[in-house]
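Take a look at the structure below.
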Amino acid sequence: MKTKLKNVIKNNFIYIIMIIAIIAGGVVVSLKGFEYSIENMDHQRLEIILDTPYNEEEMDDIINQATNDRYILRTSSLFKTIVAIDSKEFTDEEINNILNKINEKYGTDYSIKNLKLSEIIEKYNLSDIENMEDKEIEDAISKIKEEYNLDYTKEELADTESMKVDLTKIKGISILDTLKKFFVPTVVAVVLILLFIELRALKFDKLIFIKDLVKLLITELFLVAVVAIIRIPLSSLVVTTIVTVGIAELLAFNIQNEKIIKRNKEKEENE
Amino acid sequence: MKKDKSTKILWMILLVLIIVLIAAVSFVGILRRNLNSWENILPDYELSRELDKMRVLTFSVDDSTEPVEETDEEVTDETTTEVNQTVSDDEEISENTEDSSEETETEEEAAEVPVNPAEVLTNTNYDKVKEIIEKRLAKAEINDSEIVVDYETGDINIYVPFNDQANTVADYVTAAGDIQLVDTETQEVLISRDMISSVQSYSMINPDISDSETTSGGSLEYGLQINFTNDGVNKLGEISKTYIDVIDEDGESDPKTLDVQLDGQTVYTTYFDPKGDYQYLTIPVYTNVSESQRELYESSIRIYETNINSGLLPIKYVANYTTYLENDTNKLALNILIIASIAILAIMSIYMIIRYKGKGLLGVISQIGYVALFLLLVRFAKEPLTLFALVSIAVVSILNYVFINKLIKKDSKTTYAQSLVNFALKIMPIIICAIVFVFATSIELKSVGVVLFWGLLALVPYNLIFTDNLFNMQNDIKKIGGKK
């Protein structure tokens with residue numbers, strides 16, 4: 001009895017490890033959920049207008065040095081003069097780092113003051129600053145200093161041309177939408193493949209459909225658990241990878257099955 | 001014998017030259033002089049929006065107001081005044097109506113209601129809007145789009161590839177997709193949208209326009225055929241007996257007409273022949289269209305058709321702004337992927353030459369030709385390529401490499417068909433995926449499906465014509481050499 005159990009464990013060792021990982025993944029998901037890619041969660045976009053076109057590799061280096069967070073580098077002008085950096089959330093320090101490095105490289109003179117200008121003008125009704133009284137402006141400047149810890153002059157507040165840095169909130173693409181679009185074609189493909197394997201193996205293994213399906217489900221759930229445990233950001237790319245691994249596994253099952261069929265055929269011929 | 005050998009060698013050279021030609025066409029292109037530069041006349045590879053340029057169109061919930069629609073008979077507006085004047089000959093009533101009309105005009109100016117009342121701005125309706133827009137974009141073949149709804153504000157962001165089709169997206173979002181038949185005078189709804197099952201666009205050359213008019217204006221007509229539900233057909237039967245031509249006391253024609261309204265705009269006014277048996281209605285929307293305007297009106301009528309057939313938007317949206325975006329991060333990843341794929345194929349090719357010598361070299365030449373042909377097919381397939389579709393190109397190329405290996409190793413008794421069947425049985429999961437994914441709605445899966453499908457389809461005849469023949473000829477040459 002003991003030896004039988006040992007054999008079962010030995011033969012299915014890898015699946016046992018996978019099941020343990022799945023349980024661990026389930027715990028992680030219930031406690032912390034999944035980590036999502038920037039595109040698949042609500043994030044921020046920092047847009048900086050440059051006077052000259054930039055080189056994407058150089059810009060990637062600059063952003064890489066200035067921030068520790070994940071980011072997506074984008075261009076938001078046809079002539080590559082506006083760079084857009086998507087990240088989960090930018091801290092003032094990160095923005096300062098990015099702007100300083102861009103100033104160094106491209107000779108601009110941007111600071112966090114440029115970024116906050118539009119927000120401040122809207123908040124303190126400073127759009128008509130030229131026609132405001134000095135007292136009102138001074139009051140606004142001191143309030144700005146108090147709240148934002150930033151020193152503005154009247155000229156700086158009036159210079160709306162300097163609003164060349166912008167930070168906006170971007171709504172994430174729902175990963176559920178991707179999963180919904182994947183569901184039907186993937187299930188149809190998997191069922192057809194398993195039916196093919198079953199039909200080919202009908203003579204020697206009638207339960208191969210169920211066996212392969214269980215193995216496939218364990219592998220897929222294991223991959224999902226790995227994604228959850230090691231906090232790989234969930235994206236359509238990850239979903240496609242998981243589907244691809246599943247299909248590769250089915251391909252392996254099929255090749256193995258065809259080998260058995262060939263062997264059996266040769267055996268029959270020899271007999 | 002010597003002649004035989006020479007013929008075989010010549011055939012081999014010919015096949016290799018054809019492969020070189022395919023490779024040159026695929027990798028370099030077919031160039032044509034265009035002003036001061038050379039232009040490749042082959043279609044470009046289409047990359048998905050995440051690997052290429054894209055546009056993000058932002059739409060907001062319409063927060064404007066509109067005058068209250070008065071349905072109560074007691075409250076008058078200009079239309080009801082006219083009706084009352086027609087139905088009554090009593091001057092006093094008519095005067096009273098005019099007075100009350102003046103009084104209510106000022107009230108009407110003040111009585112405004114939101115275009116989108118608060119009760120329609122629900123998550124269920126936002127989901128419905130998203131579903132309907134998805135349907136519309138799919139019908140309009142605006143593929144590779146992604147719709148993101150902000151459930152707090154109702155704003156919609158639509159990500160689409162940067163091409164001409166992006167310009168039409170707003171037409172599918174800002175139009176409600178409503179259609180109804182109303183009484184021309186009273187504006188009473190005779191047949192509402194729920195009695196209309198579908199519409200079908202048509203185009204025709206108007207036979208009533210003479211040749212001389214054709215040259216000045218145009219004889220093309222674009223319209224819609226309205227199909228009704230059973231209730232709609234019954235109602236149409238009813239109204240076709242009342243909305244007819246009437247001859248007044250002076251013997252002049254004074255028909256009772258109805259309007260066909262698309263999104264509140266009257267596009268056609270008509271009446272019926274009382275003897276007619278109407279199952280559907282054909283309404284011309286654009287008439288006297290000239291050849292130069294054809295594209296514009298053709299597109300417009302298709303937009304009406306798509307919008308109406310996809311369902312009525314429960315919330316009215318307005319176009320807000322458009323953003324241009326290009327993903328630099330993915331472009332950098334793409335470069336790495338291309339370099340890695342070329343490196344892998346190069347290593348595999350070197351291995352094949354070292355292992356199989358002469359046959360290996362022929363195999364590599366054949367493999368290069370296959371990749372070239374496959375890439376040509378990918379260009380012509382015009383399916384936007386995602387990162388995974390590019391990986392699939394590498395996968396199919398590797399499958400072809402494996403198949404060439406099998407052909408190198410096959411003995412003289414095994415036919416090409418047998419080798420192919422054995423190979424196909426082994427890679428059946430990939431064949432099934434190729435066929436199923438071609439029909440997927442997800443751009444990621446569809447792109448992979450299209451690439452796999454064309455790759456596998458090209459593999460069969462290509463290897464029969466080139467690879468197998470090259471190997472057979474080489475075997476024959478060896479045999480002839482051996483006998484000698």
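Below, read A as the first sequence line, B as the second, and so on, with proteins coming before strands; counting in each chain starts at 1.
- Looking at B/Leu325, the atoms closer than 4.5 Å to chain A (heavy atoms on both sides) sit in the backbone and in the side chain alike.
- One distance of note links CG of A/Leu194 with CD1 of B/Ile432; it measures 9.0 Å at 0.5 Å rounding.
- Using a 4.5 Å cut-off on side-chain heavy atoms (C-beta onward), B/Phe388 and A/Val243 make no contact.
- Only the side chain of A/Ile170 has a heavy atom closer than 4.5 Å to any heavy atom of chain B.
- In this structure, chain A has no heavy atom under 4.5 Å from any part of B/Val391.
- The number of heavy atoms from other shown groups lying within 6.0 Å of CD1 (A/Ile14) does not exceed 12.
- Using a 4.5 Å cut-off between heavy atoms, A/Leu237 contacts chain B through both its backbone and its side chain.
- Closest approach of A/Pro185 to B/Leu445, counting heavy atoms only: CG-CD1, 3.7 Å.
- Heavy atoms closer than 4.5 Å to chain A are found nowhere in B/Ile443, neither backbone nor side chain.
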Is there a side-chain contact (heavy atoms from CB on, under 4.5 Å) between B/Phe439 and A/Val188? Walk through the geometry before answering. CA-CA 11 Å; B/Phe439 300 101; A/Val188 170; over 6 Å; no

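- Minimum heavy-atom separation, A/Ala189 to B/Phe437: CB-CE2, 4.0 Å.
- Heavy-atom distances place both the backbone and the side chain of B/Leu425 under 4.5 Å from chain A.
- In this structure, A/Gly172 and B/Val148 approach most closely via the heavy-atom pair O-CG1, 3.3 Å.
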Chain A/chain B interface donor-acceptor pairs under 3.5 Å:
unit_1   : atom_1 : unit_2   : atom_2 : d
A/Tyr54  : OH     : B/Asp328 : OD2    : 2.6
A/Leu73  : N      : B/Thr329 : OG1    : 2.6
A/Leu73  : O      : B/Asp328 : N      : 2.8
A/Leu73  : O      : B/Thr329 : N      : 3.2
A/Thr75  : N      : B/Glu326 : O      : 2.7
A/Thr75  : O      : B/Glu326 : N      : 2.8
A/Thr75  : OG1    : B/Asp328 : OD1    : 3.1
A/Thr75  : OG1    : B/Asp328 : OD2    : 3.0
A/Lys80  : NZ     : B/Asp328 : OD1    : 3.1
A/Asp177 : OD1    : B/Lys130 : NZ     : 3.0
A/Asp177 : OD2    : B/Lys130 : NZ     : 2.3
A/Ser236 : OG     : B/Glu444 : OE2    : 3.3
A/Asn254 : ND2    : B/Leu425 : O      : 2.7
A/Asn254 : ND2    : B/Lys426 : O      : 2.9

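- The part of A/Phe196 that comes within reach of chain B is its side chain, from C-beta onward, which places non-hydrogen atoms under 4.5 angstrom from that chain.
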